[in-house]
Amino acid sequence: MNSIQAANYFVHFNTNCYTNLHEHLESANYSKIFILVDEHTHAQCLPYFMGNLQTETPIEVIEILAGEIHKNIETCTGVWNVLSELNADRKSLIINVGGGVVTDLGGFVASTFKRGVSYINVPTTLLAMVDASVGGKTGVDLGTLKNQIGVINIPEMVLIDTSFLTTLPANEMRSGLAEMLKHGLIHDEAYWKKMIDLSNATTDDLDGLIYKSVEIKNNVVTEDPKEHGLRKILNFGHTLGHAIESYLLTHETKASLLHGEAIAVGMVLACYISNKQEGFPSEKLSEIKQVILDMYGKVEFNTSDYESIIDLMKYDKKNSHGNINFVLLKDIGSPVLDKIVDNKTIIDAFQFYNS
Ligand code: NAD
């Protein structure tokens, strides 16, 4: 698979990625390499990655606890302290081997330690391959509020080796599929059609679909790296999805959702709102709801849930001048930005999802 050129860096795939990594390590002459993992990727992914790594540069491994609840500034402080104790300097390299939590947090730690050291992302979940590792958004949550602290800062390179997916649990695979479905909905109806029937997909087919998703994300990010306009389309389903994810994280009596699972619900709601406000075709709305319910099952929401979730949306990073800005669709592949939606329509959307 050919490498994809992003803004000033490359995304390398499968067999190509280690050759490119070694060439880079030879030419960059780093003082030390720090590999950031979480407890699961330490056990499941690091041995394989180390087996493919050839370098004379000294290596240290830093482990963080797995899971979104640890994507916070306390974990960063722990990593900054270890870097400091192990004499990391400005010529150190951080390699993030993990899912979106490790790549988001590791990218942020690297971008801020001694005012910035280089980092490389090695995504090991589907979600991190097709979304989190590409585009340079780094950061952590503030309490349960998603991604409130962070910077946009690009990695040296991203290495996508899909063989990491062999150990990924099925629910984590589904979580990543949600971002791929999103790429179809915002950009390419033919891709959406391919994504909704994976029953006969081979490993090669999946590699091709991952490649296409990275291309879609990268094209958008390259055109608008700082999210002044177009890049906002990648937030389709995320305004309500993030609020749902945050809400369920704080309610112990309710089962929490993985990031992609919450985004999947958010996309059904956003399609309903798109149908009401932007004329998004009704038959496509029904199809999208059915596809997502078949893949993810249904989450039960009641009236008090809607109100708390709507309340949480005021923290969404796309808000401006007190308005909550939605990405909606006129049709599959035709997104529109900065749309204001009243609470009644959002409640109707939840009722449509529940019905
Ligand atoms: P994650 O990093 O928590 O990984 C999910 C789980 O899978 C973890 O328990 C992890 O240890 C485990 N795991 C990872 N790779 C594995 C493997 N190969 N085998 C077995 N287990 C493995 O979650 P995620 O879904 O990868 O990422 C979600 C995060 O990504 C969220 O915090 C979200 O905000 C962020 N995100 C960021 C961007 C961005 O542009 N920066 C985009 C989308 C999502």
message: Closer than 4.0 angstrom, basic N to acidic O: yes or no for Lys217 and Glu179?
response: no
Between the main-chain N or O of [Y] and the side-chain N or O of [X], is there a donor-acceptor pair closer than 3.5 Å?
X      : Y      : value
Asp224 : Arg231 : yes
Ser256 : Leu248 : no
Asn275 : Phe280 : yes
Glu287 : Leu285 : no
Ser133 : Ala128 : yes

Are there over 12 heavy-atom neighbours, none belonging to [X], within less than 6.0 Å of that residue's [atom1]?
X      : atom1 : value
Glu26  : CD    : no
Asn8   : CG    : no
Glu252 : CD    : no

Are [X] and [Y] close enough that a side-chain donor and a side-chain acceptor fall under 3.5 Å?
X      : Y      : answer
Thr202 : Asp204 : no
Asn72  : Thr75  : yes
Asn96  : Tyr119 : no

Please round to the nearest 0.5 Å and tell me the distance separating atom [atom1] of [X] and atom [atom2] of [Y].
X      : Y      : atom1 : atom2 : result
Leu36  : Asn121 : CG    : CG    : 10.0 Å
Leu293 : Ile288 : CG    : CD1   : 12.0 Å
Phe108 : Ile94  : CZ    : CD1   : 12.0 Å
Ile149 : Lys71  : CD1   : NZ    : 11.5 Å

query: Should the ring pair Tyr18 and Tyr48 be called parallel, tilted or perpendicular, given that the plane angle runs from 0 to 90° and is split at 30 and 60?
result: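 It falls in the perpendicular class, over 60°.
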query: Between His242 and His259, how do the two ring planes meet: parallel, tilted or perpendicular, split at 30° and 60°?
result: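 Because their plane-to-plane angle lies in the 30° to 60° range, the rings of His242 and His259 count as tilted.
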- request: Taking salt bridge (charged side-chain N to carboxylate O under 4.0 Å, His left out) as the test, write out the residues that go with Lys194, two or more places apart.
  value: none
field: Any residue meeting salt bridge (charged side-chain N to carboxylate O under 4.0 Å, His left out) with Lys226, in chain and number order, not counting sequence neighbours
entry: none
query: How about His183 and His187: are their ring centres within less than 6.0 Å of each other?
result: no
query: Between His238 and Lys182, is a side chain to side chain contact (heavy atoms under 4.5 Å, CB included) present by the stated rule, with each step listed?
result: CA-CA 10 Å; His238 284 57; Lys182 178 194 77 180; 3.8 Å; yes
task: Check whether any side-chain heavy atom of Thr162 sits under 4.5 Å from a side-chain heavy atom of Phe13, and report yes or no.
output: no
Side chain proximity check, Leu249 to Glu68, heavy atoms < 4.5 angstrom: yes
Identify each donor-acceptor pair in which a side-chain atom of residues 348-355 lies under 3.5 Å from a protein atom, sequence neighbours left out, and give them as a table.
from	atom 1	to	atom 2	distance (Å)
Asp348	OD1	Lys344	NZ	3.3
Asp348	OD2	Lys344	NZ	2.7
Tyr353	OH	Val299	N	3.0
Asn354	ND2	Phe301	O	3.0
Asn354	ND2	Tyr306	OH	3.0
Ser355	OG	Lys289	NZ	3.4
Ser355	OG	Phe352	O	2.7

Ala132 versus Gly100, closest heavy-atom pair with distance: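 That would be CB-CA, 3.7 Å.
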